Amino acid sequence: MTSAMNPKITKVTSHISHNEALIFERSQPGRIGYKLPPLDVDESPLDQIIPLEFRRDDDLEGVPEVSEVDVIRHFTRMSTWNYSIDLGMYPLGSCTMKYNSRLNEKVARIPGFAALHPLSEERDAQGALQVIYELQNHLAEITGLAGVSLQPAAGAHGEMTGVMIIRAFIDARDGAGASAKRRTMLIPDSAHGTNPASAHLSGFSVKTIRSTAEGFTDLDHLRELCAHGDVAGLMLTNPNTLGLFEKNIKEICQIVHEAGGLVYMDGANMNALVGIARPGDMGVDVIHLNLHKTFSTPHGGGGPGCGPCCCTKELEPFLPVPRIVKNGQEYKLDFNHPQSIGRVKAFFGNYGMMLRALSYIQTHGHDGIREATEAAVLNSRYIAHGLASDYDKPFAAPSMHEVVFTDKRQSRKGVHTLDIAKRLMDYGFHPMTIYFPLIVQGAMLIEPTESVGHQELDQFIEAMKAIAREALEDPELVLNAPHSTRIGRLDEAAAARRPVLRWKPKQAATAG
Amino acid sequence: MTSAMNPKITKVTSHISHNEALIFERSQPGRIGYKLPPLDVDESPLDQIIPLEFRRDDDLEGVPEVSEVDVIRHFTRMSTWNYSIDLGMYPLGSCTMKYNSRLNEKVARIPGFAALHPLSEERDAQGALQVIYELQNHLAEITGLAGVSLQPAAGAHGEMTGVMIIRAFIDARDGAGASAKRRTMLIPDSAHGTNPASAHLSGFSVKTIRSTAEGFTDLDHLRELCAHGDVAGLMLTNPNTLGLFEKNIKEICQIVHEAGGLVYMDGANMNALVGIARPGDMGVDVIHLNLHKTFSTPHGGGGPGCGPCCCTKELEPFLPVPRIVKNGQEYKLDFNHPQSIGRVKAFFGNYGMMLRALSYIQTHGHDGIREATEAAVLNSRYIAHGLASDYDKPFAAPSMHEVVFTDKRQSRKGVHTLDIAKRLMDYGFHPMTIYFPLIVQGAMLIEPTESVGHQELDQFIEAMKAIAREALEDPELVLNAPHSTRIGRLDEAAAARRPVLRWKPKQAATAG
Amino acid sequence: MRYIPNSPEERAEMLHQIGLDSAADLFASIPDELRLKRDLNTPDALSEIELLAGFDAMSARNPGARRATFLGAGAYSHYIPTVVDHVISRSEFFTAYTPYQPEISQGTLQVIFEFQTLVCQLTGMDVANASMYDGSTALAEAVLMAERITKRSKVIACGAVHPEYLEVCKTYVQHAGIELQHVDFDQATGQTSGALADALDDKTAAILVQSPNFFGCIEDVTRLAEQAHAAGALLVVAVTEAISLGLLKSPGAAGADIVVAEGQSFGVPLSFGGPYVGLFATREKYARQIPGRLVGEAYDKNGNRGFVLTLATREQHIRREKATSNICTNEGLIALAATVYLETMGKRGLQEVAVQCAQKTAYASKRLAKLKGFSVPFTAPRFNEFAVRAPVGARELLSRLAAEKNINGGLALSRYFPERPNDFLVCVTETNSRAEIDALVDGLAALAANGSR
Amino acid sequence: MRYIPNSPEERAEMLHQIGLDSAADLFASIPDELRLKRDLNTPDALSEIELLAGFDAMSARNPGARRATFLGAGAYSHYIPTVVDHVISRSEFFTAYTPYQPEISQGTLQVIFEFQTLVCQLTGMDVANASMYDGSTALAEAVLMAERITKRSKVIACGAVHPEYLEVCKTYVQHAGIELQHVDFDQATGQTSGALADALDDKTAAILVQSPNFFGCIEDVTRLAEQAHAAGALLVVAVTEAISLGLLKSPGAAGADIVVAEGQSFGVPLSFGGPYVGLFATREKYARQIPGRLVGEAYDKNGNRGFVLTLATREQHIRREKATSNICTNEGLIALAATVYLETMGKRGLQEVAVQCAQKTAYASKRLAKLKGFSVPFTAPRFNEFAVRAPVGARELLSRLAAEKNINGGLALSRYFPERPNDFLVCVTETNSRAEIDALVDGLAALAANGSR
Ligand SMILES: Cc1ncc(COP(=O)(O)O)c(C=O)c1O
Ligand SMILES: Cc1ncc(COP(=O)(O)O)c(C=O)c1O
């Protein structure tokens with residue numbers, strides 16, 4: 001029954017895992033986890049400082065009371081329930097779950113950066129500004145796009161920024177209000193959900209471009225949609241979310257440009273391109289990068305990220321302010337950009353991620369970042385090759401850094417992508433991205449990244465093959481997976497129907 | 001089958017746990033995990049620097065080749081197989097597995113200490129010497145013994161130091177070579193194995209004192225053994241290893257002193273006494289402390305420790321050199337102690353542990369260390385009370401910081417202490433210390449420490465009670481435990497018969 | 001490259017297995033003309049030794065990080081318990097991603113559920129999300145949400161909202177058909193002025209107020225809520241100094257409809273402005289309009305409690321352009337840091353730290369108000385920040401204070417308000433000792449006395 | 001106290017449950033006259049802020065920690081990969097104890113098994129233990145072990161063994177009936193002299209030699225092994241600079257019977273002298289005489305491989321006074337650090353770091369030897385340390401170098417050898433840049449030139 005006894009399962013065994021209640025359930029009145037230095041100034045009566053009516057009167061009801069030991073055990077135990085990159089391959093497609101180096105973490109914690117206030121005077125923060133400036137330059141070189149702002153806090157934020165830049169540019173080019181007429185943003189049906197959401201946030205209406213059966217942007221459809229004179233731009237992911245390089249990218253850009261639009265590239269998949277090809281050389285006007293993907297800043301259970309926006313010289317005046325510039329030997333904040341779309345975030349963005357990304361670039365060197373790209377694509381291609389005989393691969397074109405398969409063959413036995421994903425957990429793997437891109441039925445998007453050795457790739461391939469056999473021979477086993485995790489499949493539908501989104505003290509408990 | 005389904009087991013559930021081979025099995029030729037700056041000096045031919053005959057010619061055969069990612073995954077996975085204080089109660093009797101604070105870890109890593117060379121000139125290391133000096137003073141106050149050396153690296157090392165001091169003192173008092181006649185060291189039968197081993201290392205012959213049926217030193221036997229004029233001293237643990245305070249300690253010291261001997265106290269159990277009673281006030285001449293127990297420096301999977309030796313003013317001249325003293329405002333190394341037993345370790349001892357212990361003392365304050373003692377004894381007494389109806393408690397006297405039970409009742413059904421310990425793992429606890437002290441058949445020595453809240457104490461008591469029931473109703477279940485760990489009971493006898501103490505490359509593997 | 005497990009030899013072997021000759025073949029689908037034919041012009045690879053030396057050298061050129069400091073204005077120097085960094089450095093937390101697969105992500109999920117609960121408790125609200133990028137973007141999202149709820153298109157910002165927050169709101173709403181109106185604050189009290197009432201009308205979706213506001217003044221949130229509700233508008237309350245929640249009436253208790261806050265004060269280092277974490281909370285009835293991720297309780301078939309991402313139909317990956325927001329990656333790890341902070345400090349700690357801030361600020365403001373030539377321009381009660389008017393230009397005064405006394409004395413308000421050349425904003429927290437406060441006061445007195453150089 | 005989970009209220013309740021009235025009652029078994037009737041005179045409790053400020057202030061009074069440094073002599077400044085501290089900071093490692101219960105301690109056990117293997121590979125021996133306190137105590141234990149094996153009672157230490165190691169040996173053997181004889185080194189070569197042969201006799205249990213020795217000179221271990229074995233004695237080789245094992249012939253290959261080493265160079269900070277880790281390895285045939293813990297392979301009933309503490313019958317907890325040593329707690333966590341270091345550096349890294357040390361040392365010694373008035377007194381080949389003779393008193397010269405050039409120039413040998421007032425020991429490692437070496441040379445030249453002040 002334990003996976004240890006299943007000879008096919010080589011990556012995991014079952015073992016005890018500690019339970020842990022909510023902290024509110026652990027809390028006990030009177031427990032203390034902190035100590036401050038004693039107040040060393042003359043005290044005033046509180047009422048003199050802040051009148052009673054402005055103060056809380058609920059004694060912070062419900063806020064827990066625990067000791068430091070409680071805190072440590074609480075979080076240590078909970079942490080052990082997570083899968084993580086440090087435990088193994090994490091092939092979430094589109095997320096680039098690569099190794100997060102300890103060196104980068106150390107750099108981000110250097111007190112001269114970590115204790116620096118964002119409103120410090122420029123002369124008090126020259127080193128910090130230099131970091132931003134150098135990273136901007138490196139990203140410009142990597143993307144082939146001269147203008148860079150590191151202000152956006154994540155990919156979607158970078159998208160919003162980029163799309164707003166397109167809008168501001170059109171107004172500048174065609175006259176104020178012009179963008180109100182060019183209201184169409186073209187987005188492939190395979191795009192990530194943030195693309196249309198960001199376009200919408202910037203006041204565009206979204207038109208969807210079909211993908212071809214081969215998995216590429218349908219040029220005819222693109223031409224058709226570009227024919228109405230209302231196209232502000234195109235948001236294209238490249239390699240696209242199917243893991244395929246849009247080989248017609250140059251032509252695509254040309255079509256959009258000729259229609260008076262601009263090309264936004266979603267750079268989430270840059271791990272396939274760094275050092276190999278540059279969006280700026282393809283005709284792309286503006287792009288965002290995900291430093292938390294390609295440049296290895298930790299995903300942190302859902303952030304923080306950093307979504308720099310890079311654009312052509314032409315679009316540079318529209319980037320958010322302040323821009324960080326170098327004036328002789330001095331680094332400065334430059335607010336003087338009247339055409340800027342404005343600020344997208346207080347201060348300068350997620351600075352700690354910039355430190356890590358710069359450290360990543362310096363650690364790899366120009367040859368190392370290219371090597372990483374090659375290794376990432378190779379790993380993906382190796383999986384594509386290894387699984388081709390067991391799973392349906394809907395597109396023939398060679399995959400770049402990630403590869404999509406479907407559940408087509410397995411679904412004949414009633415085994416679907418979700419089931420395969422859950423069963424992978426029993427084999428010790430984090431599942432791939434599932435049901436994305438939406439245009440592929442039962443999609444399984446697998447991105448191994450460069451951070452996996454060939455033995456673990458082989459284990460993964462073996463696991464997937466074993467599941468394919470199980471789907472045939474013992475579908476129930478797969479349908480009821482996972483079998484070895486501390487909790488089974490959760491009833492998400494019930495959770496959404498009557499959402500319980502916070503803990504509340506039990507009324508009865510106080511009475512009893 | 002999984003523990004989740006056993007409603008009695010509340011602390012753990014079973015979950016996937018990652019496997020990991022030996023690093024030698026993960027190694028692949030050509031993998032790299034490091035980078036050094038390029039050599040920046042003019043290179044000489046290696047033969048000119050170090051002749052070939054002095055150089056290795058085996059290309060470091062077998063040393064692994066792995067990437068940094070391999071290293072991180074290797075150790076992260078292995079770490080998850082360990083039980084640890086941060087996961088929960090760790091009631092190993094005699095080991096004082098209390099909370100190891102993160103603050104202490106931070107203090108030990110302050111670069112001004114961590115990067116300081118031990119052979120720095122005194123004026124370059126005044127801060128470091130101050131730490132030693134202050135800690136010495138605090139330990140003197142806590143033990144009531146004026147002379148302190150922090151040089152010993154662990155408890156056993158402190159014992160050796162203390163016993164050698166006794167020997168040197170006798171030679172000084174009674175004339176050189178006198179100790180060769182006073183060769184007897186008295187040690188209770190309940191003592192920790194390091195006591196006789198340390199006495200032996202110092203050239204003493206050990207005579208064992210019986211314990212009474214109540215668990216105390218047998219005064220009559222002590223008097224008898226003291227009657228021969230050959231007693232150099234007594235090594236006594238207090239509270240003794242049964243968790244009982246030697247209430248006749250004053251009289252014991254008197255008997256030994258009258259016989260011309262000295263009293264060494266094993267201070268491993270000081271967690272029962274700090275702030276409550278002081279060995280120096282009891283008549284003890286010399287003691288060691290375990291900073292890695294009472295003063296919370298981390299056990300680290302088996303060390304490092306620090307075993308300071310504290311003694312009366314009379315014995316102070318015999319402490320190891322150098323001693324750290326204060327001369328006006330200056331801290332100095334004092335080598336000028338001609339009667340010293342000499343050095344017991346290079347440099348000054350396990351300095352990093354001293355930083356942590358000083359931090360512990362400062363964090364607790366004089367009231368906090370007393371509070372810790374009270375909480376530790378209370379927790380132990382609470383367990384003693386909670387288990388009294390289910391397990392045999394061989395001694396009636398109230399337990400101090402730890403309590404001993406036996407398997408007497410369970411063994412009637414063939415269930416022994418080892419089985420109970422293994423079954424505790426299924427309930428999510430690290431077992432207590434077993435089969436120690438040796439004089440108690442089937443001993444289970446339980447030391448909760450102050451670092452456990454009452455809910456987890458209750459869980460522990462419930463687990464022990466449940467096991468007692470299982471021993472009665474389903475002994476096989478207990479005899480075959482643990483059932484939920486990643487590996488079952490290992491064949492230790494076979495391992496000792498044909499010991500495999502290192503990995504070796506498979507001859508065949510290279511051929512095949 | 002030491003972060004890439006497969007050695008060059010292994011990679012060659014893998015290429016061989018999949019039938020390719022060289023790494024270049026992997027990129028055959030990229031048209032040749034688009035391939036970069038040269039090495040990138042980025043630095044050579046550095047060893048750890050070299051790299052750390054380089055960053056240390058850069059960090060040394062941030063003297064601002066090494067001074068006693070009274071800078072606040074949206075980013076605060078608070079004590080961070082040592083345990084926080086330990087917990088967020090656990091591999092299992094920082095190298096995991098969004099908990100899409102609950103069976104192997106319960107750690108992150110339970111943490112977020114606790115975070116949501118704590119945010120609700122502190123703000124006095126019913127529902128909180130799993131975090132926003134920061135306080136400023138959270139405020140912008142609140143504006144958009146108010147518009148969605150009320151279907152009204154005008155938003156009135158009280159005068160003393162953080163200027164950078166207002167700039168961000170302006171950027172966000174510029175294409176959303178929302179009019180962002182800004183009413184001036186009362187020059188005497190430093191609080192929202194009567195002008196607000198005039199601006200309020202039946203097109204108003206929301207009033208935005210920050211409390212304590214940018215000048216540290218505590219706003220009468222209860223009254224503003226009443227005004228807003230009377231006009232059928234929502235009240236959005238922003239908090240940049242979240243520590244104030246330990247002492248001040250919760251925005252929820254005062255009647256707020258949406259509360260956003262910058263969570264940086266909860267155990268997050270200044271780090272030159274980020275990553276921080278935006279808190280976002282609202283009333284139960286608006287739960288399905290909230291942006292961002294939500295974690296909810298769920299059960300497996302054996303009745304075991306767990307947690308899952310829920311109400312995902314609000315989100316971009318399902319709803320695409322109709323989503324409540326475009327946010328995807330948020331500030332998970334920083335939300336974890338805030339959770340560890342809040343649980344470590346606990347009820348008593350949060351109260352004590354807030355009281356210490358208020359007391360130290362009262363002490364500092366009293367001393368500064370008495371200084372010859374200095375005054376404290378606003379009369380409203382304050383938490384831990386207050387404006388000071390110097391007898392000389394504040395920017396110059398503060399830069400001399402930094403250079404000569406090694407103190408960051410605060411923020412010259414001319415950065416945002418050119419019409420206030422002599423004013424500066426002083427922030428005092430539990431980390432400022434009395435000796436530091438005295439040094440600030442004495443330093444300012446001495447520098448102002450011997451005039452401009 | 002924030003480290004004690006149970007609150008005072010909970011403790012009162014627990015006391016009540018077990019039938020006691022107060023905490024004082026818990027100590028009723030301690031005679032009243034022995035109870036401390038006052039508070040301990042130790043400091044008041046400090047908050048983290050205060051405590052860290054105090055330690056920071058003390059650390060600031062260690063200027064030695066902030067200089068370019070050429071101090072070695074048993075403790076070395078080497079590059080420590082960042083991953084080392086991350087791994088040893090995992091709770092599961094540093095808050096576990098000795099792996100007495102293998103089913104829930106496989107992490108620690110497998111690490112030790114790898115450590116033992118690595119120590120064997122590096123030293124060229126068959127069996128290594130799970131660690132000793134440090135190099136010096138490991139050497140003392142080796143002496144005792146040699147006596148146990150040979151039943152002979154004289155041990156000859158070569159002249160250039162680390163003086164503190166010899167002191168420790170002296171302390172350990174003083175009551176063991178072992179005569180520790182010390183033969184002088186050759187004043188020209190710096191290696192073991194011919195006098196050794198005279199001292200060797202049929203009472204000799206072992207020759208102790210350190211290589212590279214205290215003066216950095218590489219000893220002819222092969223010849224010493226032959227001499228020892230010819231006399232029926234064992235050869236004990238001590239290594240204080242374990243990095244040398246990456247380049248030099250392994251003691252095992254040279255014929256050593258017991259090898260001890262200080263493992264500090266393997267990823268362990270200087271930390272003013274400890275905690276470090278003693279490596280201890282020997283031949284298969286002596287395995288049952290080895291002191292300390294051993295981990296061995298074992299199998300469960302399903303044939304799964306695991307690891308256990310083994311051959312425990314050598315140890316104090318079983319054998320008590322007849323044990324091979326009194327050691328119990330050893331240096332587990334530091335052994336882990338060394339294991340992480342060795343695996344991260346790997347075969348190539350260990351070779352490169354050793355070569356860099358040797359090359360940089362050759363460069364430095366060549367430059368210093370050419371300095372006017374300076375010489376390099378010993379002729380033997382060296383690894384990364386060498387003695388230098390200055391034209392003036394070394395202690396004074398080095399303290400001026402520290403004060404004026406901010407360089408720790410090395411160790412004045414007069415600390416251990418009063419008869420060598422002008423000599424000092426220089427250690428050069430991969431962390432010393434060429435610029436630092438040049439600054440050392442130029443600094444010494446300048447200071448020696450303008451004489452004693
Ligand atoms: C293709 C693509 N675009 C955009 C995004 C959005 O990036 P972020 O999550 O950083 O907002 C993602 C992230 O998952 C993505 O995969
Ligand atoms: C009672 C007692 N004495 C002595 C020792 C030895 O201490 P150490 O392991 O630090 O050498 C121990 C340790 O387990 C002990 O419990």
Side-chain angles (χ1 to χ4, degrees), chain A residues 33-34 40-41 49 60 62-63 65 75 78-79 81-86 110 112 114-118 120 124 126-127 153-154 156 193 196-198 200 203 245 298-305 342-343 346-347 350-352 365-366 368 374 377 385 453 485 487-488 490 495 499-500 502-503, chain C residues 1 5 18 23 26 29 39-40 42 45 58-59 61-62 64-65 71 87 90-92 94-98 103-104 106-108 117 121 133 136 164 167 171 175 269 271-275 296-298 300 306 310 316-317 320-321 323 326 329-333 344-347 349 362-363 434:
Chain A
Y34 82 102
D40 59 355
V41 301
I49 307 177
L60 286 174
V63 172
E65 295 172 79
F75 286 99
M78 290 194 297
S79 75
W81 309 338
N82 273 3
Y83 193 95
S84 64
I85 296 174
D86 282 9
I110 293 174
L116 188 65
H117 195 286
S120 298
D124 287 341
Q126 284 294 300
S198 299
H200 175 75
F245 188 85
H299 280 85
R343 212 180 239 297
F347 313 127
N350 281 347
Y351 185 75
H366 50 78
E374 291 171 358
V377 174
H385 185 263
T485 51
I487 200 156
L490 292 159
V500 175
R502 59 169 292 191
W503 171 87
Chain C
M1 210 290 127
I18 62 172
L26 293 166
S29 60
D39 276 354
L40 281 173
T42 59
M58 288 194 283
S59 80
R61 283 188 285 109
N62 299 328
L71 263 174
V87 171
R90 295 262 318 157
S91 291
E92 290 86 341
F94 88 94
T95 79
Y97 193 33
T98 304
E103 298 86 349
I104 50 176
Q106 283 297 309
T108 296
T117 303
Q121 291 170 338
Y133 301 141
S136 70
E164 298 203 4
E167 288 173 37
T171 306
H175 305 302
S271 195
F272 207 46
E297 210 174 83
D300 72 6
T310 192
Q316 46 71 29
H317 64 278
R320 301 178 78 82
E321 62 268 32
N326 68 336
T329 290
N330 44 72
E331 303 286 311
L333 197 69
T344 303
M345 298 300 284
K347 178 185 284 202
Y363 172 81
R434 178 188 190 131

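None of these values were measured; they are calculated from a predicted model. Below, chain A is the first sequence line, B the second, and so on; all start at residue 1.
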So which atom in [X] and which in [Y] form the shortest heavy-atom distance, rounded to 0.1 Å?
| X | Y | value |
| --- | --- | --- |
| A:A154 | C:Y133 | CB-CE2, 3.6 Å |
| C:E331 | A:P304 | OE1-CB, 3.1 Å |
| A:A114 | C:P269 | O-CB, 3.6 Å |
| C:N326 | A:S198 | ND2-OG, 2.9 Å |
| A:Y34 | C:M345 | CD2-O, 3.4 Å |

- Do A:I487 and C:Q106 come within less than 4.5 Å of each other through their side chains, counting heavy atoms only?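 A side-chain contact under 4.5 Å exists here.
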- Validation row: A:W81, C:E103 side chains within 4.5 angstrom (heavy atoms):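 Side-chain contact under 4.5 Å: no.
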Tell me, side chain or backbone of [X] under 4.5 Å from chain A's heavy atoms, or both, or neither?
| X | answer |
| --- | --- |
| C:T117 | both |
| C:Y97 | both |
| C:S59 | both |

Please report the interatomic distance [atom1]([X]) to [atom2]([Y]), rounded to the nearest 0.5 Å.
| X | Y | atom1 | atom2 | result |
| --- | --- | --- | --- | --- |
| A:H200 | C:E321 | NE2 | CD | 8.0 Å |
| A:Y83 | C:T95 | OH | OG1 | 9.5 Å |
| C:E297 | A:L490 | CD | CG | 10.5 Å |
| C:T171 | A:R343 | OG1 | CZ | 8.5 Å |
| A:H117 | C:F272 | NE2 | CZ | 10.5 Å |
| A:H385 | C:I18 | NE2 | CD1 | 7.0 Å |

- Go through the steps for C:E92 and A:M78 under the test side-chain contact (heavy atoms from CB on, under 4.5 Å), then give the verdict. CA-CA 9 Å; C:E92 290 86 341; A:M78 290 194 297; over 6 Å; no
Would you check if the side chain of [X] reaches a backbone N or O of [Y] as a donor-acceptor pair within less than 3.5 Å?
| X | Y | answer |
| --- | --- | --- |
| A:S84 | C:A96 | no |
| A:N82 | C:G107 | yes |
| A:E374 | C:A23 | no |
| C:D300 | A:G488 | yes |
| C:N330 | A:G303 | no |
| C:R320 | A:P196 | no |
| A:D124 | C:N62 | no |

- Item | Pick from A:G365, A:G302, A:G112 with the largest number of heavy-atom pairs that fall under 4.5 Å of chain C |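 Of the options given, most contacts go to A:G302.
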- Query: What part of A:I110 is in contact with chain C, defined as an atom under 4.5 angstrom from a non-hydrogen atom: side chain, backbone, both or neither?
  - Reply: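 The answer is the side chain of A:I110.
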- Among C:G64, C:A362, C:P5, C:S136, which residue forms the greatest number of heavy-atom pairs with chain A at distances under 4.5 Å?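 The answer is C:P5.
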- Relative to chain A, which of C:G306, C:S91, C:A298, C:G274 shows the most heavy atom pairs under 4.5 Å?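 Highest number of pairs under 4.5 Å: C:G274.
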- Do C:R90 and A:S79 meet the criterion of a side-chain donor-acceptor pair at a distance under 3.5 Å?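 Checked: C:R90/A:S79 side chains pair up, N/O donor to acceptor below 3.5 Å.
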